[in-house]
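Before any comments, here is the structure.
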Amino acid sequence: MTRKSFKVALHAILTAVPTVLGYVLGPLTHTINLLLSFTGLPIGVRLGFMSLVIVVILARAILGRGAALVQGVLLAITGVIFHHGESPLVRIPKDFLLGLGVEIALLRLSRPKINVKQALVASILGGILSYIPYLMFIPSSVFHLALVASILLMPSFLTSCIIGGIIAMEILKRVHTVLKGLSLV
């Protein structure tokens, strides 16, 4: 019973993190992207999505198999409720596919401890899969032009995912150090 309660509590906490961070990261993202727009290059950051990547990787690393999928579903539900800037037809599959990508990337991992390379692969695969819903709603009349534009914008999206994976690993290192110091690992 205690283990199940811990899982539920951790999922709840991790699900709340992107919503809370969104109030800070949203305006920061818009400011950075405004400054980047002056370069004329199609680059930008998605700091809010980065926080989703972080919590999905943390859920999988701490709670084990299946936790990334559960976290993706929870993020989709809260995203539909709290993030009105995106259609639920995009939001729900995007967040679920992020969890699926992380779960697939870490499928062979039976123990919760992951390394930096695994976190980076998980964040990239999760990012690629979560990008699919954006491509599904491209009108067929401009599909080729929109596809090229989407592919040009994807590197900045994946950069945010990679940064999220790196931050998740740093958090996991700190958590492991604290637990080791308390003799809990």
Side-chain angles (χ1 to χ4, degrees), residues 3 6-19 21-22 25 29 43-80 83 86 89-137 147 150-177 179-180 185:
R3 177 79 176 145
F6 174 75
K7 283 184 174 186
V8 170
L10 188 59
H11 274 302
I13 292 168
L14 290 175
T15 302
V17 167
T19 301
L21 285 177
L25 296 177
T29 298
I43 55 174
V45 294
R46 297 192 51 153
L47 299 178
F49 191 73
M50 185 175 62
S51 65
L52 271 65
V53 172
I54 292 168
V55 298
V56 169
I57 291 174
L58 289 176
R60 175 57 172 89
I62 296 169
L63 299 174
R65 284 196 179 121
L69 281 175
V70 171
Q71 195 63 47
V73 169
L74 292 171
L75 291 172
I77 292 167
T78 57
V80 168
H83 195 283
E86 206 166 43
L89 296 174
V90 172
R91 167 67 63 182
I92 292 170
K94 181 183 84 169
D95 292 349
F96 174 76
L97 289 171
L98 170 63
L100 179 64
V102 169
E103 199 64 53
I104 289 171
L106 300 174
L107 190 62
R108 294 182 58 203
L109 188 66
S110 61
R111 293 184 306 169
K113 188 167 181 176
I114 63 174
N115 61 38
V116 175
K117 180 181 172 187
Q118 292 166 324
L120 291 177
V121 170
S123 64
I124 291 170
L125 185 58
I128 290 171
L129 288 182
S130 67
Y131 202 74
I132 292 171
Y134 293 111
L135 302 177
M136 291 173 40
F137 295 101
L147 184 62
S150 295
I151 291 170
L152 287 175
L153 294 173
M154 192 173 190
S156 59
F157 181 75
L158 287 178
T159 301
S160 298
C161 293
I162 291 168
I163 293 168
I166 292 169
I167 292 171
M169 283 311 305
E170 287 302 314
I171 292 169
L172 286 170
K173 285 179 192 175
R174 304 295 189 277
V175 167
H176 185 70
T177 302
L179 293 177
K180 191 175 181 181
V185 217

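Just so it is clear, the model here is predicted, and its values are computed rather than measured.
- Here the straight-line distance linking atom CG of Leu125 with atom CG of Leu158 works out to 10.5 Å at 0.5 Å rounding.
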Exercise for review: Start with the C-alpha gap between Leu63 and Phe6, add the side-chain angles, then the distance that decides, and say whether side-chain contact (heavy atoms from CB on, under 4.5 Å) holds.
Suggested key: CA-CA 9 Å; Leu63 299 174; Phe6 174 75; 3.8 Å; yes
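- Of the candidates Val53, Ile124, Ile57, Val102 forms a side chain to side chain contact (heavy atoms under 4.5 Å, CB included) with just one, namely Ile57.
- Annotation: salt bridge (Lys or Arg N to Asp or Glu O under 4.0 Å) contacts of Arg46 (sequence neighbours excluded): none.
- Without hydrogens or angle criteria, Arg60 side chain to Leu106 main chain gives a donor-acceptor distance under 3.5 Å.
- Considering CZ of Phe49 and CD1 of Ile163, their distance stands at 13.0 Å, rounded to 0.5 Å.
- For Thr15, the side-chain hydrogen bond (donor to acceptor under 3.5 Å, both in side chains) criterion is met by Gln71, not counting sequence neighbours.
- Applying the side-chain contact (heavy atoms from CB on, under 4.5 Å) criterion to Val80, with sequence neighbours excluded, gives Pro88, Arg91, Ile92.
- Phe96 pairs by the ring-ring contact (aromatic ring centres under 6.0 Å, His included) definition with nothing, not counting sequence neighbours.
- Contacts of Leu21 classified as side-chain contact (heavy atoms from CB on, under 4.5 Å), with partners at least two apart in sequence or in another chain: Val17, Leu25, Ser51.
- Scanning both residues, Gly101 and Leu129, for their nearest heavy atoms gives CA-CD1, 3.5 Å.
- Here Lys7 pairs with nothing under the salt bridge (Lys or Arg N to Asp or Glu O under 4.0 Å) rule; sequence neighbours left out.
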